[in-house]
Amino acid sequence: MPTEFISVTFPNASTELAPIPGAPVDPEFLVKYARALDDNDYNYTLIPYGSSSFDPFTLGATVAAVTKKLKIIIALRPNTMYPTVAAKQLATLDQLSGGRVVVHFIAGGDDVEQAREGDFLSKDERYARQEEYIKILRKAWASSDPINWEGKYYTFKDFRNNVRPVNGTIPVSVGGSSPEAYRIGGALADIFGLWGEPLKETKEQIDRIYAAADAAGRAPNDRPKIWVTFRPIVAETEELAWAKAHRILDLLKSNRAGAPIYPNSDKGPQNIGSQRLLEIAKKGEVQDRALWYPTVTATGARGASTALVGSPQTLIDSILDYVDLGCELISIRGYDNYHDALDYGRYIIPGVRKALKERANGAETNGEEVNGERPAKRARALRE
């Protein structure tokens, strides 16, 4: 399968480096940013969710209306919308966009954040509810026949869905680093999202996801696609890139000066993904080719925060290492949101695709199987 690229949609010019407190949606910026992603051959954009943030469906509809190819990933917390309503809203947006919608489920990794919108279930219960939710969506999209459902978290009778996705269904994405996330994602997801970790740890997580898929009876060619996220810091040379990285780090620290990273807890993050990043950061600032962890510790691993630092070629080679592990979806977003997206579209995305095309052409010349990855011997070496 081809390697595809993901960005994140931003509703205004506010960034982590130059925050604009209370900034409203800026329609001009939103449209400019979305079109820049489309024009620079990104494949997807994630519309994130937070209890105090803008509505992903409304932003997603706007992005879909001003783009031609870009797929819209709607982040959805099950506690915020009844599944029958979500099935129709997602399918409506899918029809409006010509079949370009993906849904990314967030079970919820922080009790305080979940409670802000009335969700007081335990983490295990949130995952169990998410599992039921996904099954309901798939059933609602599969047929317009009446559905009766009696589960632990949802009960309804005679629901009929006449709003069907363009391609019969909508891809489902799941993320996380807990055993329940692996189990549910491995069994039900089309895509599984991971934060950027070193190659060894990433391979271990992929193995667990695939094992869960195998345990659920899925065929090897039906396993979830792996999505991995980085915050690239790129410049013309290695020296310039590292100087830029340290300027960014200084700004991240100064913007948080005096403010607790975790205002709701003195014990650090609740979610396992953030805990993993902070634990890995103790092993060293730079890991593998260019994976940089000071951005993780400076932000307390709140969300995707692992940087890749270097020249365009270094970042291309680093991304190819993850492609070799089986990562088909590469999410890249920077710290200067709009301009970084343009730089990645000019220097990183074309470079990765060119390298993959050269591999494929070389494999054809040598009579090898063409699968869009490096030769198997090289891939095995990286995994060991």
Side-chain angles (χ1 to χ4, degrees), residues 3 5-8 15-18 36-37 40-42 194-203 228-255 277-278 280-299 301 303-325 327 329-359 362 373-375 378-379 381-384:
T3 299
F5 288 88
I6 303 171
S7 185
V8 175
T15 71
E16 287 176 76
L17 304 185
L37 298 181
N40 283 278
D41 291 329
Y42 287 81
L194 299 171
W195 288 339
E197 295 186 2
L199 294 166
K200 177 179 178 292
E201 285 80 359
T202 301
K203 175 60 168 55
V228 63
T229 299
F230 303 103
R231 309 291 298 273
I233 300 172
V234 63
E236 186 177 357
T237 66
E238 301 296 320
E239 293 78 10
L240 291 173
W242 283 105
K244 180 179 177 181
H246 284 285
R247 289 196 301 272
I248 287 171
L249 182 62
D250 289 343
L251 281 170
L252 289 174
K253 289 178 177 179
S254 65
N255 286 345
L277 291 186
L278 290 170
I280 292 169
K282 296 176 183 177
K283 299 178 182 178
E285 289 193 355
V286 182
Q287 301 186 42
D288 296 331
R289 288 182 193 267
L291 201 62
W292 197 48
Y293 270 80
T295 48
V296 170
T297 53
T299 58
S305 50
T306 319
L308 285 173
V309 182
S311 66
Q313 190 59 53
T314 294
L315 298 198
I316 290 166
D317 290 341
S318 296
I319 288 170
L320 289 171
D321 289 341
Y322 286 88
V323 172
D324 290 335
L325 290 184
C327 301
L329 304 175
I330 308 295
S331 179
I332 46 175
R333 64 183 177 94
Y335 292 94
D336 180 354
N337 301 328
Y338 177 72
H339 293 102
D340 283 345
L342 293 180
D343 283 346
Y344 303 157
R346 290 170 180 149
Y347 306 116
I348 306 303
I349 294 174
V352 171
R353 290 186 171 143
K354 179 183 177 183
L356 292 173
K357 184 177 180 180
E358 288 173 352
R359 287 186 192 178
E373 297 181 350
R374 296 185 182 185
R378 168 63 176 152
L382 275 170
R383 293 170 185 164
E384 292 171 354

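In this text, all values refer to a predicted model and were calculated from it rather than measured experimentally.
The shortest non-hydrogen separation linking Thr314 to Arg289 is O-CD, 4.5 Å. The two residues Thr229 and Ala304 make their nearest non-hydrogen contact at CG2-CB, 3.4 Å. Between Thr295 and Leu249, the shortest heavy-atom distance links the atoms N-CD1, 4.2 Å. In terms of heavy-atom proximity, Val296 sits nearest to Leu277 at CG1-CB, 3.8 Å. Across all non-hydrogen atoms, the minimal contact from Ala241 to Ile233 is O-CG2, 3.9 Å. Taking every heavy atom of both residues into account, Arg231 and Tyr344 meet most closely at C-OH, 4.5 Å.
Atom-to-atom distance recorded for Leu194:CG and Leu329:CG is 10.5 Å, nearest 0.5 angstrom. Here the straight-line distance linking atom CD of Gln287 with atom CD of Glu201 works out to 7.0 Å at 0.5 Å rounding. In this structure, CG on Leu320 lies 11.5 Å from CG on Leu325, to the nearest 0.5 angstrom. Separation of atoms CG (Leu342) and CG (Leu37) is listed at 8.5 Å; rounding is to 0.5 Å. Residue Ile6 holds its CD1 atom at 10.0 Å from CD1 of Ile332, rounded to the nearest 0.5 Å.
The closest side-chain heavy-atom distance from Asp288 to Asp321 is not below 4.5 Å. In this structure, the side chains of Val234 and Tyr347 stay at 4.5 Å or more apart for every pair of heavy atoms. Side-chain contact between Ile280 and Pro198 is present, with heavy atoms from C-beta onward closer than 4.5 Å. Counting heavy atoms from C-beta outward, Leu252 and Glu16 have side chains that approach closer than 4.5 Å. Contact of the Asp343 side chain with the Ile348 side chain is not registered, since no non-hydrogen atoms from C-beta on lie closer than 4.5 Å. Using a 4.5 Å cut-off on side-chain heavy atoms (C-beta onward), Thr15 and Tyr338 make no contact. Residues Tyr322 and Phe230 meet the side-chain proximity criterion, which asks for heavy atoms closer than 4.5 Å. Looking at Ile349 and Tyr42, their side chains come closer than 4.5 Å, going by heavy atoms from C-beta outward.
By the 4.0 Å N-to-carboxylate-O rule, Arg359 lies close enough to Asp324 to be salt-bridged with it.
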Would Arg353 and Phe5 satisfy side-chain contact (heavy atoms from CB on, under 4.5 Å), going step by step from the backbone distance to the final call? CA-CA 10 Å; Arg353 290 186 171 143; Phe5 288 88; 3.7 Å; yes
Let's go through Ile319 and Leu308 carefully: what are the C-alpha distance in whole Å and the side-chain angles of both, what is the deciding distance for side-chain contact (heavy atoms from CB on, under 4.5 Å) to 0.1 Å, and is it a yes or a no? CA-CA 9 Å; Ile319 288 170; Leu308 285 173; 4.3 Å; yes
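Remark: the backbone N or O of Glu197 is paired with a side-chain donor or acceptor of Thr202 at under 3.5 angstrom.
If you check the side chains of Glu238 and Ser311, you find a donor sitting under 3.5 Å from an acceptor.
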